[in-house]
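Step one of this worksheet: look at the structure below.
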Amino acid sequence: MAADTSQSVVKAADGGVGNDSAVRGRSRWTDSGNTGNNRNPRNTGGLRRALATHWYAWAMVAPVVLVLGVIIGWPLVRGVYLSLTDANERNVARDIGARHIDATYEFIGLDNYTAVLGDPVFLQRLVWTVIWTVACVSITFVLGLTLANMLNRQFRGRAAYRMALILPWAVPGFVSVFAWRFLFNRDNGILNKVLDGGGIAAVPWLDDPTWAKFSVIAVNVWLGIPFMMVALLGGLQSIPGELYEAAEMDGASAWQRFRHITMPGLRTVSMTVILLSTIWTFNMFPVIFLLTRGGPGDSTEILVTQAFREAFITSPRDFAVSATWGVLILLLLMIFALVYRRSLRKQGEVW
């Protein structure tokens, strides 16, 4: 009897455990079923918890988001809308003295995009913009990397050299461009004076289409080198010196150390500065406009200066076509950023 009683007690205990397990299993199944059928409450609860936990971060970010929305978001939306209309200076809302004239422009859909993309001028501007961007970014990167490697070594007066090379970055852009415009002057420019002293004929820096393109690229490279140099110098200083010492002890040459240590160590920084430099150069309006105003003729016009010309120089000023050029510029840069990001991910870079 004692044995039977003990066995019954064990069976009862086992049964209780089994029942509890079944109840817990049914409870988990019920919870998961409810979650699958009704995800919004849980997501809402997660959002509420995130807001309650990180409310300070949200409060700090909110003003920035609001300002960006007002400064960038609204003009962007307005520009996209105008690109779908026939707005120009003759049919937009305006005030003449005390008289107010309402806007009369109409929605025309994608007609502006069809007209711009079908115009040979767009292809001409796009080709030169791509050439201008690739030339400026590649030359700037090579020179910036060279100077960064030079300044990464210990030598007397290194701080003074760094300050001198950063100086173009500190000077306002329009001041630098006007200074270069004076240097490039055909009759009184310092460059032609130096060439004349060596018995070389004056060069039409800004009057010949080929020389004008060379001039704008040179000025933009001069303005972009400090940023590239500082960024790459920071990347070089983050590479452990022990790697170079070990490679040197193993008999690696200077080129091998540069190829297998320096360049892989700078990969992340290089990808970032190349992306930023590409976007900035693609939209570099001041250098082109202040140095050549797109000339001689229209030989140095890029996409962004053409958009400016449509809105402020041509008569009548065509705001819709100008907005169309602006939207196309944005789309081209977005496509480039997406392709660039995909290529980085294929190489194992996280961006």
Side-chain angles (χ1 to χ4, degrees), residues 124-125 127-151 153 155-233 277-278 280-306 308-309 312-313:
Q124 295 173 6
R125 301 291 182 269
V127 170
W128 163 236
T129 303
V130 172
I131 295 174
W132 143 270
T133 303
V134 172
C136 289
V137 173
S138 58
I139 297 174
T140 302
F141 180 80
V142 171
L143 294 179
L145 181 59
T146 302
L147 293 173
N149 275 282
M150 294 172 60
L151 294 178
R153 302 175 181 177
F155 60 91
R156 182 176 298 178
R158 185 175 65 168
Y161 280 106
R162 286 184 178 181
M163 292 299 297
L165 292 172
I166 294 175
L167 184 62
W169 200 11
V171 178
F174 71 94
V175 175
S176 299
V177 175
F178 283 140
W180 277 100
R181 186 178 178 86
F182 176 73
L183 293 175
F184 285 136
N185 186 275
R186 183 170 187 173
D187 299 324
N188 302 314
I190 296 177
L191 294 179
N192 280 340
K193 292 291 185 181
V194 173
L195 294 177
D196 184 62
I200 302 175
V203 176
W205 298 103
L206 303 179
D207 300 325
D208 178 77
T210 303
W211 282 109
K213 291 178 179 180
F214 171 81
S215 300
V216 294
I217 290 175
V219 173
N220 194 66
V221 167
W222 187 79
L223 292 173
I225 283 178
F227 165 76
M228 193 71 69
M229 180 194 67
V230 170
L232 294 176
L233 181 60
S277 183
T278 300
W280 293 340
T281 305
F282 200 88
N283 288 323
M284 183 54 70
F285 174 82
V287 171
I288 300 291
F289 184 77
L290 297 178
L291 195 62
T292 64
R293 293 189 177 274
D298 59 354
S299 59
T300 58
E301 290 273 13
I302 59 176
L303 294 175
V304 67
T305 58
Q306 182 65 34
F308 176 85
R309 181 177 296 277
F312 297 101
I313 297 179

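Residue indices begin at 1 and follow the sequence shown.
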**OP:** Considering non-hydrogen atoms only, spot the tightest contact between L232 and G144 and give its length.
**Re:** CD1-C, 4.0 Å
Original post:
If every non-hydrogen atom of I166 is compared with every non-hydrogen atom of M229, which pair is closest and at what distance?
Top reply: CG1-CE, 3.9 Å
**OP:** Could you walk me through whether I225 and L165 pass side chain to side chain contact (heavy atoms under 4.5 Å, CB included), step by step?
**Re:** CA-CA 8 Å; I225 283 178; L165 292 172; 5.9 Å; no
Subject >> Heavy-atom closest pair, residues M284 and W132 >> reply: CB-CZ2, 3.8 Å
Original post:
So which heavy atom on Y161 is nearest to which on R156, and how close?
Top reply: CE1-O, 4.3 Å
**OP:** Go through the steps to decide whether N192 and R186 satisfy the test side chain to side chain contact (heavy atoms under 4.5 Å, CB included), and finish with yes or no.
**Re:** CA-CA 7 Å; N192 280 340; R186 183 170 187 173; 4.1 Å; yes
Original post:
Atom CE in M163, atom CG in L167: separation rounded to 0.5 Å?
Top reply: 8.0 Å
Original post:
When rounded to the nearest 0.5 angstrom, what is the spacing between OG1 in T140 and CH2 in W280?
Top reply: 11.5 Å
**OP:** To the nearest 0.5 Å, tell me how far L145 CG sits from L233 CG.
**Re:** 10.5 Å
**OP:** Could you pull out all residues at least two apart from F214 that satisfy ring-ring contact (aromatic ring centres under 6.0 Å, His included)?
**Re:** W211
**OP:** Given side chain to side chain contact (heavy atoms under 4.5 Å, CB included), test F282 with L303 step by step and report yes or no.
**Re:** CA-CA 8 Å; F282 200 88; L303 294 175; 3.7 Å; yes
Original post:
Side chains of F155 and M150: does their closest heavy-atom pair fall under 4.5 Å?
Top reply: no
**OP:** Decide yes or no for N220 and T281: does some side-chain heavy atom of the first lie under 4.5 Å from some side-chain heavy atom of the second?
**Re:** yes
**OP:** Measure the CE-CH2 distance between M228 and W169 for me, rounded to the nearest 0.5 Å.
**Re:** 10.5 Å
Original post:
Rounded to the nearest 0.5 Å, how far apart are NZ of K193 and CG of L183?
Top reply: 13.0 Å
Subject >> Shortest non-hydrogen contact between W222 and W180, atoms and distance >> reply: CE3-NE1, 3.3 Å
Subject >> Closest non-hydrogen atom pair between V142 and T146, with its separation >> reply: O-OG1, 2.8 Å
Listed pairs under 3.5 Å, donor-acceptor, residues 285-298 side chains, sequence neighbours left out:
unit_1	atom_1	unit_2	atom_2	d
T292	OG1	I288	O	3.1
T292	OG1	G294	N	3.3
T292	OG1	T300	OG1	2.8
D298	OD2	R125	NH2	2.9

Subject >> Point-to-point distance, once rounded to the nearest 0.5 Å, from CD1 of I217 to OG1 of T133 >> reply: 9.5 Å
